[in-house]
Each structure stands twice: as structure tokens, then as C-alpha cells.
**Student:** 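The structure's right below; bear with me while I get my questions together.
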Amino acid sequence: PLLVARELTKMHEELVHGTVAEAVTRFESIAPKGEFTLVLGSKSSSGSAMLEAGDAEIREMVAGLMRDGMSASSAAKTAAKFLNVPNNRVKQLARMVADGEGDVA
């Protein structure tokens, strides 16, 4: 799975979910403009998308989005949507990342 996030924290923010092939097809027909952040999801050994993200994976994604300029709340919203985990869980972990708690590379 792939998340293409365009113009994060701006009025024309756009989130595109899908596969890499779907993103290539979309952006071949619509010229990409602005700043982009790409988030690649992992797959299990069976090839299907992982069902549940762990706290470390959530914190890592939130921290990366925040390094790219997103606020903690926007990063939490994006990560929850992409990882398909409850918003309240991600918001709690995002607060920890923002406060410098926990181990994030």
C-alpha cells in the first residue's frame, strides 16, 4: 500500500491511497504539483497488507510526518487513516512523540 500526501497542512491538502501502480497511473494523467510525502506500507509474508500496526510503527510514521512539517494532530489523522487503526490510539501516541517520549529513530 502507498499513501501520497500532497501539500500537507495547507489549504489544498490531498491524500491519495492505493498501490504504487495506481499512483503512477494517476500522476501520469494529472501532473503532480506542490510538495509530496510518500508513505509506503509493509506487507506480511503472505503478501497481504498487515492488519494491525504496532505502537512502534505508529510512532515512527507520526514522527516522520511531523519531521516533514505536519502538526501532531494532522500526523495522527493521516497515520490512523493509512494504518487503519483507531484515531484515539494514534492521537495518544502522537502526543508522546510530540512530547519527546518513547523511542523514535
**Student:** If you measure from CD on Glu57 to CG on Leu83, what distance do you get to the nearest 0.5 Å?
**Tutor:**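 Spacing of CD (Glu57) from CG (Leu83) equals 5.5 Å.
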**Student:** Quick one: which residue pairs count as a ring-ring contact (aromatic ring centres under 6.0 Å, His included) with a foot in residues 17-36, not counting sequence neighbours?
**Tutor:** Phe27-Phe36
**Student:** Just how far is it from atom CG of Leu38 to atom CG of Leu3, taken to the nearest 0.5 Å?
**Tutor:**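 Going from the CG atom of Leu38 to the CG atom of Leu3 covers 8.5 Å.
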**Student:** Restricting to pairs with a member in residues 13-26, which pass salt bridge (charged side-chain N to carboxylate O under 4.0 Å, His left out), not counting sequence neighbours?
**Tutor:** Arg6-Glu14, Glu14-Arg26
**Student:** Please name the pair of heavy atoms, one in Val90 and one in Ala76, separated by the smallest distance, quoted to 0.1 Å.
**Tutor:**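 For Val90 versus Ala76, the nearest heavy atoms are CG1-O, 3.3 Å.
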**Student:** What residues form a side chain to side chain donor-acceptor pair (under 3.5 Å) with Thr78, not counting sequence neighbours?
**Tutor:**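 Side chain to side chain donor-acceptor pair (under 3.5 Å) check on Thr78 returns nothing, list empty.
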**Student:** Check Ala72 against Ala94 and note the closest heavy-atom contact, atom names and distance.
**Tutor:**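 Distance-wise, the nearest heavy atoms are O-CB, 3.8 Å.
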**Student:** Testing the basics here: between Glu7 and Gly34, what is the closest heavy-atom pair and its distance to 0.1 Å?
**Tutor:**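 Minimum heavy-atom contact is OE2-CA, 2.7 Å.
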**Student:** As an exercise, state the distance from CE of Met70 to OG1 of Thr37, rounded to the nearest 0.5 Å.
**Tutor:** 7.5 Å
**Student:** Distance from Ile58 atom CD1 to Met96 atom CE, nearest 0.5 Å?
**Tutor:** 11.0 Å
**Student:** To the nearest 0.5 Å, what is the distance between CG on Asp68 and OG on Ser74?
**Tutor:** 12.5 Å
**Student:** Tell me whether Val16 shares a hydrophobic cluster with Leu40, the cluster being built from Ile, Leu, Val, Met, Phe, Trp, Tyr side chains joined at under 4.5 Å.
**Tutor:**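 Linked, Val16 and Leu40 end up in one cluster.
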**Student:** In Å and rounded to the nearest 0.5 Å, what is the CZ to CG distance from Arg67 to Leu65?
**Tutor:**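 Reported to 0.5 Å precision, the distance equals 9.0 Å.
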